[in-house]
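What follows is a single structure, written as structure tokens, with notes after it.
Source: prediction; values computed, not measured. Lettering of chains follows the sequences in order, A, B, ..., and the numbering in each one begins at 1.
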Protein chains: 2
Amino acid sequence: MNFQQLRIIGETVKHNFNLTEVAGALNTSQSGVSKHIKDLEEELGVALFERKGKRLLGLTEPGRELLPIVERMLTDTRNIKRIGEQFSQRDEGEICIATTHTQARYVLPPVVSRFRRDYPKVRLVLHQANPREIAAMLLDGSADIGIATETLAAEPQLASFPYLRWNHGVIVPKGHPLAGVTPLTLDAIADYPIVTYDTAFTGRSRIDKTFAAAELSPDIVMEALDSDVIKTYVELGLGIGIITAIAYDCARDPGLDLLDACHLFEPSVSRIAIRRGRTQRDFTYRFIELLSRDLTEANVRSGAAES
Amino acid sequence: MNFQQLRIIGETVKHNFNLTEVAGALNTSQSGVSKHIKDLEEELGVALFERKGKRLLGLTEPGRELLPIVERMLTDTRNIKRIGEQFSQRDEGEICIATTHTQARYVLPPVVSRFRRDYPKVRLVLHQANPREIAAMLLDGSADIGIATETLAAEPQLASFPYLRWNHGVIVPKGHPLAGVTPLTLDAIADYPIVTYDTAFTGRSRIDKTFAAAELSPDIVMEALDSDVIKTYVELGLGIGIITAIAYDCARDPGLDLLDACHLFEPSVSRIAIRRGRTQRDFTYRFIELLSRDLTEANVRSGAAES
DNA sequence: GATGCTTACGATACCCGTAAAGATA
DNA sequence: TATCTTTACGGGTATCGTAAGCATC
């Protein structure tokens, strides 16, 4: 048994059992991949892959049992590598943060610039993605930290921590009649066409639930992926907008008014997630501490320890 | 990085950083061991071992961080191997049970013979040892199951399960005056010289605590490692014995009487332990089920899952 | 016929062990 | 001096990639 064989097992599952792709992903030859699999199966005395003739179709039962162990070993090799980097180049390296638009645009900038000042030699990669992709990136190791509002909590392999509470607010063009309605009500909102987030983004599910609970069916005329697009179309008069309150800035958005809606929508909680079992660089913990002073390295470590 | 390097790191720590011994343990040459260490340190970019000149003295800080991961990888290699065996030879293999004298002599025989009938092709190795050695054998992987009364629960790497409650009893030569004392009292026992277990064995600590709580200082004239030796010397008239009640059999011990002492000593609990994170063979779970029908595979698995 | 897996074979690199040299107690 | 580690070097082996053969779709 050797590491190449383990890598091949892992990649084979990832690439739908297409060994040609696997060879490409590992920059090696198909023949080598094929032989490695055969050798390992021979050494263990069991077939790991279901075959139809020469094609691989899936894992056998022993293969399914093996897979989680193989994956743990692969992450452990990366952990070992990371410990090496950690000590050989304390303040150098790379940190990849997978996050949604809202966080990247409105919350992270001060944290990022602070981090860059503290760790000028660390390459900071921001990867904007939707919550599902963020979870996938954490799981496959391509991201160190994930930040999102929608459920990162579902996956047991991830440890997630709340770090920011925020509310939805309603934005309207300056002088819009809705601005005169005080206090704002759901019924009043539902009278106008609405522009808001796409499903599975930035608390959209919470918006839907709130209207459903009030037995209202709002007229959603546009679903966007980010607050900036929503603001643009609200300014054009397409309708009123429901966005994160933190995305509104009276100086930058002179054509819009933000109407408080704390009493209408429950607050949302954005979470930070990391992969359990992954050894993190020191500066990764520092980044998380910058996001929330409660999330000290000790707290994050103990939260990630279970399972 | 390769497996041989990881094995070498692990063995080096085990053998007090003597590379000559390590080479012996892995049947290879010192030079190879030395080079592997150097190569790995070079690859990671950090020194893993503290050195004084050419001698290795201990782990550096990165080495200490690395060690648990290396050990997990080594147990994972064994886990993979075990999965192979599990499926290629379902009912063949080896099971090693580390246990104390009392269990081996009085509790395990029926279980062992039943297991041998069910799994005739499994080589069953019984290894008699003291509780500390039992824990060590589980930790280093040389035993599958450990059984003992004294604390196996202390080590977080081990998962232990209670499976047998038992009481201490007093044995006396037939016709001994103590047999007339009913109910038996601690004071009455303390009047006679006592033969019992060595410290750290078969609930000896419980015996001591019981007398201490009653402010008695019993005259312990002999400390033995097992009940059979105690019985022998009680029969010779050296004193009265305090042993596990399960070690007395009126048919086999015609010269002795067992006096009930349930009301004097708290019951002891014998425990079964396995190593967390170790993949167990099917028949290992079957063996545990034979010991206690409550300890089903599902229960044991979930109990071993934490941490 | 196109794609995908396996087998055969030659080149390369890696790992191992012997032997000699250097360091430590 | 005896023990232990490192360095140097040669032999063997395993791994890799090319190329050809063969099965599946």
Side-chain angles (χ1 to χ4, degrees), chain A residues 1-60 62-63 66 70 73-74 77 80-81 84, chain B residues 1-60 62-63 66 70 73-74 77 80-81 84:
Chain A
M1 186 168 60
N2 60 45
F3 284 115
Q4 183 70 338
Q5 291 169 344
L6 300 185
R7 275 191 291 270
I8 285 172
I9 300 297
E11 292 294 314
T12 301
V13 175
K14 253 196 212 161
H15 291 105
N16 288 310
F17 310 97
N18 180 327
L19 299 193
T20 308
E21 274 187 39
V22 172
L26 297 174
N27 345 289
T28 184
S29 61
Q30 290 116 309
S31 71
V33 170
S34 189
K35 184 155 193 322
H36 266 309
I37 290 179
K38 202 180 138 235
D39 288 349
L40 183 58
E41 289 185 325
E42 222 156 73
E43 182 180 339
L44 298 179
V46 289
L48 299 176
F49 295 98
E50 215 73 79
R51 288 173 170 81
K52 182 169 184 180
K54 285 190 170 181
R55 303 280 168 114
L56 304 190
L57 296 176
L59 289 167
T60 60
L66 213 64
V70 168
M73 294 189 75
L74 292 173
T77 65
I80 286 179
K81 206 167 181 172
Chain B
M1 187 169 59
N2 60 45
F3 285 116
Q4 182 72 338
Q5 291 169 343
L6 300 184
R7 275 192 290 270
I8 286 172
I9 300 296
E11 291 294 314
T12 301
V13 175
K14 252 195 211 161
H15 290 112
N16 289 309
F17 309 96
N18 180 327
L19 299 192
T20 309
E21 273 187 40
V22 171
L26 298 174
N27 347 288
T28 183
S29 62
Q30 291 114 308
S31 70
V33 170
S34 188
K35 185 153 194 320
H36 266 310
I37 290 179
K38 200 182 139 237
D39 288 349
L40 184 58
E41 289 185 324
E42 222 156 74
E43 182 180 340
L44 298 179
V46 290
L48 299 175
F49 294 99
E50 213 74 79
R51 289 173 170 82
K52 180 170 185 180
K54 287 190 170 182
R55 302 285 167 110
L56 299 168
L57 296 177
L59 289 168
T60 59
L66 213 65
V70 169
M73 293 190 75
L74 292 173
T77 65
I80 286 179
K81 206 168 181 170

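For the pair B:Gln4 and C:dC16, the criterion of a side-chain N or O lying under 4.0 Å from OP1 or OP2 is met. For D:dA14, the OP1/OP2 oxygens have no side-chain nitrogen or oxygen of A:His36 closer than 4.0 Å. When the side-chain nitrogen and oxygen atoms of B:Ser34 are compared with OP1 and OP2 of D:dT5, none of them lie within a distance under 4.0 Å. Contact annotation: A:Asn2 side-chain N/O to D:dA14 OP1/OP2 distance is not under 4.0 Å. Residue B:Lys52 places none of its side-chain N or O atoms closer than 4.0 Å to OP1 or OP2 of C:dA23. Between C:dT3 and A:Thr20, no contact under 4.0 Å exists linking OP1 or OP2 to a side-chain N or O. For A:Asn18 and C:dC5, the shortest distance from a side-chain N or O to OP1 or OP2 is below 4.0 Å.
Whole-Å rounding puts the A:Gln30 CD to D:dT18 P distance at 10 Å.
Nucleic acid contact class of B:Phe49 (heavy atoms, under 4.0 Å, all strands): none. Using a 4.0 Å heavy-atom criterion, one finds that A:Ser29 contacts the bases of the nucleic acid, with or without backbone contacts as well. Contact annotation for A:Ser31: base contact, defined as any heavy-atom pair under 4.0 Å involving a base atom. Heavy atoms of A:Gly32 sit nowhere under 4.0 angstrom from any nucleic acid atom. A:Lys35 comes within 4.0 angstrom of nothing in the nucleic acid, heavy atoms only.
Closest to the B:Arg55 side chain, of the nucleotides C:dC16, D:dT15, D:dC4, is D:dC4. For B:Thr28, the side-chain atoms get nearest to C:dC16 when compared with the rest of C:dT6, C:dC16, D:dT7.
The existence of a salt bridge linking B:Lys14 and B:Glu11 is confirmed by a sub-4.0 Å separation between a basic side-chain nitrogen and an acidic carboxylate oxygen.
Along DNA chain D, the nucleotide nearest B:Arg51 and the nucleotide nearest A:Gln5 are compared for position; the residue whose nucleotide lies closer to the 5' end is B:Arg51.
The line from CD of B:Gln5 to CG of B:Asn2 is 4.0 Å long, rounded to the nearest 0.5 Å.
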